[in-house]
Amino acid sequence: MTSGMELRRVSVIVPTYNEAGRIWRKLENIYLQKYPRELLEIVVVDSASTDGTVEIVKKWGESRRDVSLKVVEESVRRGKGPALNAALKVASGEIVVITDADALWRDGALRRAVSYFSDGSVGAVSCVKLPARSGVAGVESGYREFYNLVRVGESKAFATPVFHGEFAAFRRDLLEKLGGFDTEVGADDSYTAVRLASMGYRALVVDDVVCVEEVPVGGEYHSWRIRRAQHLIQSFAKGLRHVWKMDRRFKPVFLANAFMHLVNPWLLWVGASLAVVGAFLGSWISAALVAAGAALMFVKAYRSWVFAQFYLSVAAVRNLWNKELVWKKQNK
Ligand code: GDD
Ligand code: MN
């Protein structure tokens with residue numbers, strides 16, 4: 001994979017809103033990737049943080065003078081999408097990598113991700129994710145173990161519709177063609193992958209690019225999952241409008257995922273309610289189904305799935321009045 005690879009100019013964009021506690025470590029993590037520093041540019045776009053994030057970024061820049069650092073300061077917070085578009089205007093790399101302040105890359109992630117772009121049909125590359133914590137009742141690690149496999153599999157077939165903001169790399173000319181990130185969809189990363197795959201470019205989640213992400217604790221975990229589910233639902237709902245002209249290699253994967261995110265959660269509740277009603281009416285089969293469904297909650301993979309359906313349902317309803325495009329930071 002690494003032999004004979006072409007290195008390209010890369011702009012790494014880090015959007016920040018009140019990340020004073022993490023941004024130094026984050027910038028060091030990017031800097032210490034073994035990528036030629038003359039080909040690397042870091043763009044931090046901050047949206048009116050009140051905790052001194054920008055001062056720390058500037059201080060870091062003074063301590064590491066052999067890498068180019070650009071700081072974009074927005075005077076008002078409009079959300080991550082608009083901030084990314086502001087950063088794109090100053091990014092000069094051929095490849096643009098978006099990365100969250102609270103995620104760390106494993107060694108070699110940048111090099112390996114860039115090497116995939118030697119294939120001209122690849123438009124975007126994202127990471128697999130390791131949760132730094134296993135989440136409430138192991139639900140986060142169960143969810144990740146399953147979905148990392150799904151995303152890598154979809155990518156081998158052609159492209160995946162779900163990208164990760166912890167590491168999301170795009171060809172800059174394609175982003176320009178799209179007019180930047182869509183600011184109406186919270187999942188800027190996934191929706192951009194959907195648009196590129198619809199146009200016939202491969203959008204890959206690869207298992208040799210690994211990120212470790214922080215996971216909120218306690219009740220904040222649930223609100224975090226619901227907000228992310230809201231953003232994914234927005235991406236799948238808006239993606240439906242591309243279906244009629246979607247690349248045929250991507251269409252079945254997109255539709256299966258749209259079904260699983262938009263329809264499936266409701267089928268679970270309908271099925272479960274019918275089983276409970278049936279059990280009350282004296283059906284032994286229904287009673288056995290309810291008992292089996294409850295017993296399976298002890299199995300981590302199943303429990304993670306049921307929680308995911310719950311988050312998706314709450315998220316769909318919540319999207320009706322609040323799209324969470326500017327969100328409250330969860331404690332991690
Ligand atoms: N400039 C800027 N402006 N940055 C922001 C803003 C904003 O208004 N809001 C959030 N950010 C930054 C955060 O500082 C962080 O670096 C990154 O965007 C992600 O925000 P988190 O608060 O850490 O959210 P998350 O961990 O749940 O993020 C995940 O889900 C989002 C969609 O729900 C990631 O995958 C994100 O990339 C994704 O957009
Ligand atoms: Mn995060």
Side-chain angles (χ1 to χ4, degrees), residues 12-27 29-30 42-51 53-54 56-57 70-90 97-105 126-133 135 140 143-144 147 151 162-170 181-193 205 211-217 220-236 261 311-312 315 318-319 322-332:
V12 176
I13 299 179
V14 188
T16 58
Y17 178 71
N18 286 351
E19 298 287 5
R22 304 190 173 90
I23 191 64
W24 188 283
R25 185 183 58 173
K26 173 67 189 175
L27 295 171
N29 176 248
I30 298 168
I42 300 178
V43 182
V44 174
V45 55
D46 184 85
S47 305
S49 288
T50 53
D51 66 349
T53 300
V54 172
I56 297 172
V57 171
K70 292 176 177 164
V71 184
V72 178
E73 295 179 61
E74 295 197 299
S75 53
V76 281
R77 182 184 184 199
R78 294 169 300 160
K80 184 187 166 203
L84 293 180
N85 286 333
L88 264 188
K89 294 206 178 95
V90 305
V97 184
I98 310 296
T99 182
D100 296 344
D102 61 354
L104 294 177
W105 301 346
S126 189
C127 61
V128 290
K129 300 206 276 188
L130 297 179
R133 248 190 230 107
E140 186 61 21
Y143 178 71
R144 269 301 130 223
Y147 273 107
R151 302 307 164 213
V162 178
F163 253 38
H164 304 138
E166 290 70 22
F167 189 118
F170 304 98
F181 294 94
D182 189 311
T183 53
E184 295 297 305
V185 176
D188 49 84
D189 33 32
S190 296
Y191 189 57
T192 306
V205 163
C211 295
V212 179
E213 79 160 332
E214 291 184 36
V215 177
V217 283
E220 301 247 285
Y221 176 73
H222 305 296
S223 52
W224 180 70
R225 286 291 304 271
I226 291 166
R227 187 239 311 152
R228 289 178 163 209
Q230 283 186 256
H231 291 170
L232 267 186
I233 288 171
Q234 291 160 19
S235 176
F236 283 114
H261 286 82
Y311 296 133
L312 284 166
R318 232 173 152 252
N319 263 341
N322 181 353
K323 291 174 79 187
E324 288 279 344
L325 296 177
V326 178
W327 61 83
K328 185 189 158 289
K329 185 151 211 75
Q330 275 85 22
N331 267 323
K332 290 171 208 159

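In listed order, ligands and their atoms are each counted from 1.
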Next item on the list: May I have the step-by-step check of side-chain contact (heavy atoms from CB on, under 4.5 Å) for E19 and K26, ending in yes or no?
Entry: CA-CA 10 Å; E19 298 287 5; K26 173 67 189 175; over 6 Å; no
Margin query: Is there a side-chain contact (heavy atoms from CB on, under 4.5 Å) between Q234 and L325? Walk through the geometry before answering.
Written below: CA-CA 11 Å; Q234 291 160 19; L325 296 177; 3.8 Å; yes
Item checked: Stepwise side-chain contact (heavy atoms from CB on, under 4.5 Å) check, F163 with I98 -> CA-CA 11 Å; F163 253 38; I98 310 296; over 6 Å; no
Checklist line | Audit row: D188, K80, side-chain contact (heavy atoms from CB on, under 4.5 Å) steps and yes/no | finding: CA-CA 8 Å; D188 49 84; K80 184 187 166 203; 3.2 Å; yes
Next item on the list: Quick one, list the residues around ligand 1 where some non-hydrogen atom comes in under 4.0 Å, by chain and residue number.
Entry: P15, T16, Y17, E19, V45, S47, R77, G79, K80, A83, D100, A101, D102, G165, E166, G186, D188, D189, W224, R227, R228, H231, W327, K329, K332
Note to self: If the threshold is 4.0 Å, N to carboxylate O, is there a salt bridge linking E324 and R227?
What the structure shows: no
Note to self: I'd like to know if E140 pairs up with K332 as an ion pair, taking the criterion as any Lys NZ or Arg NE/NH1/NH2 lying under 4.0 Å from an Asp or Glu carboxylate oxygen.
What the structure shows: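 So E140 does not pair with K332 through a salt bridge.
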Check: Would E166 count as a contact for the Mn ion (ligand 2), in the sense that one of its N, O or S atoms lies under 2.8 Å from it?
Finding: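 No - counting backbone and side chain alike, E166 has no N, O or S atom under 2.8 Å.
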